[in-house]
Amino acid sequence: EQTETRRKFMAMVQAGHLPDVVNTLTSRFLHRARHNDEGLRQTVRDMAAETGVEAFLRQQRAIMSRPDSRPLLSSIRCPTLVLVGDGDESTPPELSQEIAAGIPGARLVVVPDCGHLSTIERPQAVNAALADPKMKARLDGLGGVPLSMSPEEFGKFLANETEKMGKVIKAAGISVK
């Protein structure tokens, strides 16, 4: 059923209807309490337009062809945070609980009043989960992560690291669209 829906969306996008698909998906991605939040909806539309049709199609093909990795979860041996919005329709909390349970030592955080787009719906909650002492302790020893930061400082650190990575990717001539 999901594959057929994805194929339908792909056909619509190829026919020039990316905005229609984005509007439909946005209602699935955002928490039900924010379906009418025009600012968030515009952010999602802008992100989709910037990403473009070809990237959307590649993402859908990748999702449809990926194998079920649940049998491999127990082999993960690094600090793992599984974060999900309590209203996430794409990756429901029950599935995230299954994922976290399958990874030794994983920490599950369920963000209240949040859908699938946690970093834009509830950025403070995401930063707090990443900067939480329990998560910081798991990151200890990995190197390069300053562990004495507040959630706000950690959010700025992540943004800075993301910006630096973008510059490296651009300098290497790699296209991410």
Side-chain angles (χ1 to χ4, degrees), residues 1-14 17-70 72-73 76 78-103 106-132 134-135 151-152 154-156 158-159 161-163 165-166 176-177:
E1 179 182 322
Q2 288 180 345
T3 298
E4 284 309 310
T5 300
R6 289 183 192 284
R7 286 189 177 125
K8 176 182 138 193
F9 286 151
M10 290 171 71
M12 290 174 66
V13 166
Q14 288 170 320
H17 300 287
L18 178 62
D20 296 329
V21 171
V22 170
N23 281 331
T24 298
L25 291 175
T26 300
S27 293
R28 294 179 188 179
F29 290 160
L30 294 176
H31 188 273
R32 64 189 164 278
R34 276 187 283 299
H35 283 182
N36 295 321
D37 184 325
E38 188 51 37
L40 276 176
R41 294 184 75 82
Q42 187 61 51
T43 297
V44 175
R45 285 192 294 269
D46 292 346
M47 289 169 37
E50 185 177 323
T51 301
V53 169
E54 290 307 314
F56 176 86
L57 295 171
R58 283 194 308 270
Q59 290 167 348
Q60 298 309 305
R61 286 186 204 108
I63 291 168
M64 291 183 329
S65 65
R66 71 180 174 206
D68 182 355
S69 298
R70 286 176 292 179
L72 303 174
L73 293 176
I76 295 174
C78 63
T80 303
L81 171 67
V82 179
L83 186 135
V84 64
D86 66 352
D88 189 334
E89 295 179 26
S90 298
T91 309
E94 299 77 31
L95 180 57
S96 295
Q97 289 169 351
E98 178 184 351
I99 292 168
I103 302 170
R107 179 162 178 253
L108 175 67
V109 172
V110 180
V111 179
D113 302 316
C114 188
H116 189 66
L117 303 177
S118 57
T119 56
I120 61 173
E121 287 188 75
R122 295 286 187 233
Q124 297 86 357
V126 173
N127 288 343
L130 290 168
D132 181 77
K134 294 174 190 168
M135 194 64 207
E152 294 79 17
F154 193 69
K156 289 177 185 176
L158 289 176
E161 292 301 307
T162 301
E163 183 179 337
M165 183 56 72
V176 292
K177 288 199 174 197

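The model shown is predicted, which means the values in this text are computed figures rather than measured ones.
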Practice problem: Verify side chain to side chain contact (heavy atoms under 4.5 Å, CB included) between Q97 and L95, making sure each step is shown before the conclusion. | Solution: CA-CA 5 Å; Q97 289 169 351; L95 180 57; over 6 Å; no
Exercise. Given side chain to side chain contact (heavy atoms under 4.5 Å, CB included), test N23 with R45 step by step and report yes or no.
Key: CA-CA 8 Å; N23 281 331; R45 285 192 294 269; 3.7 Å; yes
Quiz item: Where do V21 and M10 land on the side chain to side chain contact (heavy atoms under 4.5 Å, CB included) test, with the steps shown first?
Solution: CA-CA 9 Å; V21 171; M10 290 171 71; over 6 Å; no
Practice problem: Would you check, one step at a time, whether the test side chain to side chain contact (heavy atoms under 4.5 Å, CB included) holds for R41 with D37? | Solution: CA-CA 6 Å; R41 294 184 75 82; D37 184 325; 5.6 Å; no
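Considering NZ of K8 and OG1 of T3, their distance stands at 14.0 Å, rounded to 0.5 Å. With rounding to the nearest 0.5 Å, the separation of CD1 in I120 from CZ in F29 is 10.0 Å. Expressed to the nearest 0.5 Å, how far CG of L25 lies from CZ of F56 amounts to 5.5 Å. Taken from CZ in R6 to CD in Q59, the straight-line distance is 10.0 Å, to the nearest 0.5 Å. To the nearest 0.5 Å, atoms CD (Q42) and OG1 (T26) are separated by 10.0 Å. If you take CG on L83 and CG on L130, they are separated by 7.0 Å, rounding to the nearest 0.5 Å.
Of the possible donor and acceptor atoms, none in the side chain of D86 sits under 3.5 Å from a partner among the backbone N and O of V110. Between the side chain of T43 and the backbone N or O of G39, at least one donor-acceptor pair lies under 3.5 Å. Looking only at distances, a side-chain donor or acceptor of H35 sits under 3.5 Å from a matching main-chain atom of L30. Side-chain atoms of T80 never come within 3.5 Å of backbone atoms of I76 as a donor-acceptor pair (strictly under, hydrogens ignored). The backbone N or O of R7 sits nowhere less than 3.5 Å from a side-chain atom of Q60 that would complete a donor-acceptor pair.
Sparse packing is recorded around CD of Q2, with 12 or fewer heavy atoms of other residues, nucleotides or ligands lying under 6.0 Å away.
Heavy-atom minimum distance, D88 versus P93: O-CD, 4.0 Å. Nearest heavy-atom pair, S90 versus H116, reported as atom, atom and distance to 0.1 Å: CB-ND1, 3.5 Å. Pairing each heavy atom of E121 with each of H31, the nearest pair is OE1-N, 3.0 Å. Closest of all the heavy-atom pairs between A48 and V22 is CB-CG2, 3.4 Å. Nearest heavy atom pair, residue C114 against residue S118, reads SG-CA, 3.5 Å. Residues S96 and V82 approach most closely at O-CG1, 3.7 Å, considering heavy atoms.
Side-chain contact check for D20 versus V13: every heavy-atom pair is 4.5 Å or farther apart. Within the 4.5 Å cutoff, the side chain of R34 has heavy atoms near those of the R122 side chain. Side-chain contact between V111 and V84 is absent, with no heavy atoms from C-beta onward closer than 4.5 Å.
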